[in-house]
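Contents: one structure, followed by commentary.
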Amino acid sequence: MDWDAAQKREAEFLSREGDAAAVYRFDEEVMTDRSVPLEWARLVGKSPMVSGYNLIAAGPIMRGAKASDILDEYRANGFVEYGDIVAFKQGGVLECWYIAPMFYHLLPGLLENHLKSAELSTEQNANQIDGIINNTAPKFNELATEDEALFLVGGTTYLHVQTSDSDRDYTHDDCYATYDYTLYDRETMRQLDGGRMEIVSDIRDDPHQVHLLAARNILECRTDLGGAPLEPVSIDLLETLQDAAMREMEARVAAIKASKPSLRGSLKQCQQEVADRAQGSGSPGRHGPEKGR
């Protein structure tokens with residue numbers, strides 16, 4: 001393996017602004033004294049290359065495509081094989097998947113420190129290490145606002161928390177905050193659940209601290225995600241999540257409507273059935289035979 005060339009390809013993949021994928025394959029020619037166990041590389045956020053893998057291909061992918069669909073396509077085309085690792089960089093989020101014989105196995109943590117290093121080499125604002133190379137100072141409300149915030153929970157679910165409309169005229173004497181919350185599936189962006197919860201807090205604290213406290217309380221009391229890692233993400237993603245959830249809901253409503261006959265159609269069918277029964281009953285009409293006296 002040409003180590004320098006592979007490192008260059010990896011740096012280009014990690015610093016790419018749009019969505020991209022990279023395929024790593026184990027290189028048996030790598031000296032055993034240079035490689036380390038893959039599990040160790042994952043735990044410390046290293047590249048698969050330190051475990052004897054070579055980056056054999058990298059390039060852009062369609063924005064918004066599901067990782068599982070891409071992996072299915074790669075496998076069907078023979079582009080990946082058992083033992084390969086595929087890294088996806090989508091919307092500023094990095095994921096690595098191991099190709100097993102019958103399924104794909106997520107490898108959380110792998111490449112994370114390399115991604116940060118790639119950003120630091122080009123970023124001008126180290127406080128915005130988010131997987132997106134932008135070189136511009138972040139606006140205050142890009143991550144959260146005074147009234148709402150968005151979190152990634154356990155790498156699988158988005159949690160949007162927002163102070164209730166009726167709770168925004170609070171005073172410094174208040175010791176609680178009421179939050180509306182919504183959960184979205186990260187992969188499908190489908191809305192999973194939602195509700196309202198009141199939390200005990202000192203509203204004189206920084207709003208972001210209160211948002212975080214609200215998120216943790218909601219996860220502990222209302223979901224089975226309590227204790228899962230909680231990562232603040234840009235509130236700019238919320239519009240995309242809400243649009244996707246709305247489209248999914250509209251599609252479900254359309255499917256339900258399509259499966260049900262219209263009221264007019266049901267009425268016509270009912271009238272026809274009544275007419276068919278009357279015609280087939282054989283009941284005597286006005287001029288039918290009379291009963292004998």
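What you see is a predicted model; the values in this text were computed from it and never measured.
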Exercise for the section: Report the hydrophobic cluster partners of Leu43, with the cluster defined as I, L, V, M, F, W, Y residues connected by side-chain heavy atoms closer than 4.5 angstrom, directly or transitively. Expected result: none
Exercise for the section: For the pair Asp19 (side chain) and Gly91 (backbone), establish whether a donor and an acceptor sit closer than 3.5 Å, ignoring hydrogens and angles. Expected result: yes
Practice task
Determine whether Met197 and Asn217 make a side-chain contact, defined as any pair of heavy atoms from C-beta on separated by less than 4.5 Å.
Solution key: yes
Handout entry: Approximate separation, where rounding is to 0.5 Å, of Ile85 CD1 and His105 NE2
Key = 10.0 Å
Problem - Passing option when Pro48 is tested against Tyr98, Phe26, Tyr53 for side-chain contact (heavy atoms from CB on, under 4.5 Å) - result: Tyr53
Practice task
Would you check if Thr157 and Tyr184 make a side-chain contact, meaning some heavy-atom pair closer than 4.5 Å?
Solution key: no
Problem - Approximate separation, where rounding is to 0.5 Å, of Leu192 CG and Leu225 CG - result: 9.0 Å
Practice task
Quick one: closest heavy-atom pair of Met49 and Tyr24, and the distance?
Solution key: CG-CE2, 4.0 Å
Completion exercise
Rounded to the nearest 0.5 Å, the CE atom of Met62 sits from the CG atom of Asp69 at a distance of 8.5 Å
Problem - Side-chain heavy-atom pair Met189, Tyr158 within 4.5 angstrom cut-off - result: no
Practice task
Test Tyr179 against Val210 for side-chain contact (heavy atoms from CB on, under 4.5 Å), laying out the working first.
Solution key: CA-CA 10 Å; Tyr179 273 84; Val210 183; 3.4 Å; yes
Problem - Atom of Gly155, atom of Glu95 and distance for their closest heavy-atom approach - result: O-OE2, 4.4 Å
Exercise for the section: Begin from the C-alpha positions of Leu159 and Leu219 and carry the test side-chain contact (heavy atoms from CB on, under 4.5 Å) through to its verdict. Expected result: CA-CA 9 Å; Leu159 170 63; Leu219 294 175; 4.0 Å; yes
Exercise for the section: Salt-bridge test for Glu81 and Arg25: reply yes if a basic N is under 4.0 Å from a carboxylate O, no otherwise. Expected result: yes
Problem - Polar side chain donor-acceptor pair, Ser47 to Glu10, under 3.5 angstrom - result: yes
Problem - Note, Phe151 side chain near Leu212 side chain (heavy atom, < 4.5 Å) - result: yes
Completion exercise
Rounded to the nearest 0.5 angstrom, the CG-CD distance for Leu183 and Gln191 is 8.5 Å
Completion exercise
When every non-hydrogen atom of Ala87 is compared with those of Cys96, the smallest separation belongs to CB-SG, 3.8 Å
Practice task
Say whether, by atom type as modelled, one donor and one acceptor occur between the side chain of Gln90 and the main chain of Ala65 under 3.5 angstrom.
Solution key: yes
Problem - Selection residues 41-68 - residue pairs positive for salt bridge (charged side-chain N to carboxylate O under 4.0 Å, His left out), sequence neighbours left out - result: Glu39-Arg42
Fill in the blank from the handout: Besides Phe88, the hydrophobic cluster formed by Ile, Leu, Val, Met, Phe, Trp and Tyr side chains linked at under 4.5 Å, directly or via other members, contains Val23, Ile56, Ile61, Ile70, Leu71, Tyr74, Phe79, Val80, Val86, Trp97, Ile99, Tyr104, Leu106
Practice task
Working to the nearest 0.5 Å, report the span between CD of Gln162 and CD1 of Ile235.
Solution key: 8.0 Å
Practice task
Decide yes or no on side-chain contact (heavy atoms from CB on, under 4.5 Å) for Asp236 and Leu150, but give the supporting numbers first.
Solution key: CA-CA 9 Å; Asp236 295 338; Leu150 186 66; over 6 Å; no
Completion exercise
In terms of heavy-atom contacts, Glu220 and Gly227 come closest through OE2-N, 3.4 Å
Handout entry: Pair Arg196 + Asp180: basic N to acidic O under 4.0 Å
Key = yes
Exercise for the section: Tell me, yes or no, whether the heavy-atom count around Arg75 atom CZ, taken from other residues, nucleotides or ligands under 6.0 Å, exceeds 12. Expected result: yes
Practice task
Assess whether side-chain contact (heavy atoms from CB on, under 4.5 Å) is satisfied between Glu239 and Leu241, documenting all intermediate values.
Solution key: CA-CA 5 Å; Glu239 184 176 354; Leu241 291 172; over 6 Å; no
Practice task
For residues Val153 and Ala228, report the shortest heavy-atom separation together with the two atoms involved.
Solution key: CG1-CB, 3.8 Å
Handout entry: Pair Asp185-Thr188, side-chain donor/acceptor within less than 3.5 Å
Key = yes
Exercise for the section: Establish, from distance only, whether the side-chain atoms of His160 and Glu148 form a donor-acceptor pair under 3.5 Å. Expected result: yes
